[in-house]
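Here the structure is laid out as structure tokens; the discussion comes afterwards.
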Amino acid sequence: MNNVPNKHFFTKQLTAWHATENNRNLPWKNEPEPYKIWLSEVILQQTRALQGLPYYLRFVDAFPTVKDLAAAKDEDAFRLWQGLGYYNRCKNMLATARYITNELKGKFPTTYDTLLQLKGIGPYTASAIASFAFGLPHAVVDGNVYRVLSRYFGIDTPFDTTEGKNIFSTLAHELLETKDSAAYNQAIMDLGATVCTPGKPLCDQCPLQKKCFAFDRGLTDLLPVRSKKLKIRKRYFHYLLLLWNNTLWIHKRNGNDIWENLYEPLLIEDTEPIDLEKLIQCSFFKDNDIKYSSITYSGSYCQRLTHQQIETRFFIVTLSKKPKIHLHDGLWVKTSELGKTAFPKTLVSFLENNLYF
Ligand code: SF4
């Protein structure tokens, strides 16, 4: 049989395709600066390239160097991050920028192992920076790479197990074109993103089709294999927008949860949706001596994150009296100045459409 998957064929075809046909243009491609490569890789984790693109451009514009990012106010960086989710990425990025600036005199580490020691940088990002910025022979292994390798070589070991990770990582390094690891890594990432896509791969345009295991046997929709079904946690957020004299009560989210360090109005979370009638009866109103002239349900918004589904309901509460009891650690902010505060994207859209900034 001459259509058996072949490592030499794989690398040769892939790099040739990259040199002649791959026309995926993104501003961070061929970027030599480790800072910008790092920025793009952090933004693109859990985010599609087109969605991440405006964020990358905004960050580069606001913070052109790692020193600029290190000097940024947390608030400003979080506001630019609004909408990307997984805010820990932004928090780690700020910590790492400050570490590089203050402890390493603004110089990015230049080896895979030293990159790996930085906060928020795992094997994938370390490989990307080592290879794209410094030409070191490290293969990137992410969702795109799992997909291309498992389909082409017919690997049905689940990629989210220790065994699977070892198999894919070893194979990725064996396939790496060490003379130009950057081009090879870019090629496999782009092929996974544009041709060997999750839904319907474009096998007719694929340079690997001739010897592809999954194409040959009609198995593209069964590969790659994931071991566990994602468990989705359902959460119901009820935001009470407490308004007093054109000010809104907000506080900073903390704890190890989504949207950490961003601001939000008063939140009542439950595992079930609560309607207005029941909400009014909840102990919060009594305990905090909340007196209002009107309270209205103002719509809801659903969003799906990797491991959770959140239904957010908004209630505008116009207070007739400023609550006497101290409301946690929050503050009253003029509604006209809410645009200066970093909120989760869900809230930004609602506030923009329903309040005044
Ligand atoms: S032939 Fe199809 S399944 Fe195989 S690597 Fe190419 S796009 Fe993916």
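For this chain, numbers begin at 1 and follow the sequence in order. Just so you know, these numbers come straight off a predicted model, no measurement behind them. Both ligands and their constituent atoms are indexed starting at 1 by order of listing.
Among protein atoms, those of element N, O or S found less than 2.8 Å away from atom 4 (Fe) of ligand 1 are C212 SG.
Under the rule for a side-chain contact (heavy atoms from CB on, under 4.5 Å), the partners of A187 that lie at least two apart in sequence or sit in another chain are L14, H18.
Side-chain contact of Q45 with T125: a donor-acceptor pair under 3.5 Å is present, judged by distance alone.
Applying the 6.0 Å contact sphere to CD of E163 captures no more than 12 heavy atoms from other residues, nucleotides or ligands.
Within the structure, salt bridge (Lys or Arg N to Asp or Glu O under 4.0 Å) contacts touching residues 168-186 (residues at least two apart or in different chains) are K7-E174. Every pair passing side-chain hydrogen bond (donor to acceptor under 3.5 Å, both in side chains) that includes a residue from residues 53-68 is listed here, sequence neighbours excluded: T65-D68.
Using a 30° and 60° split on the angle between ring planes, F314 and Y239 fall in the parallel class, below 30°.
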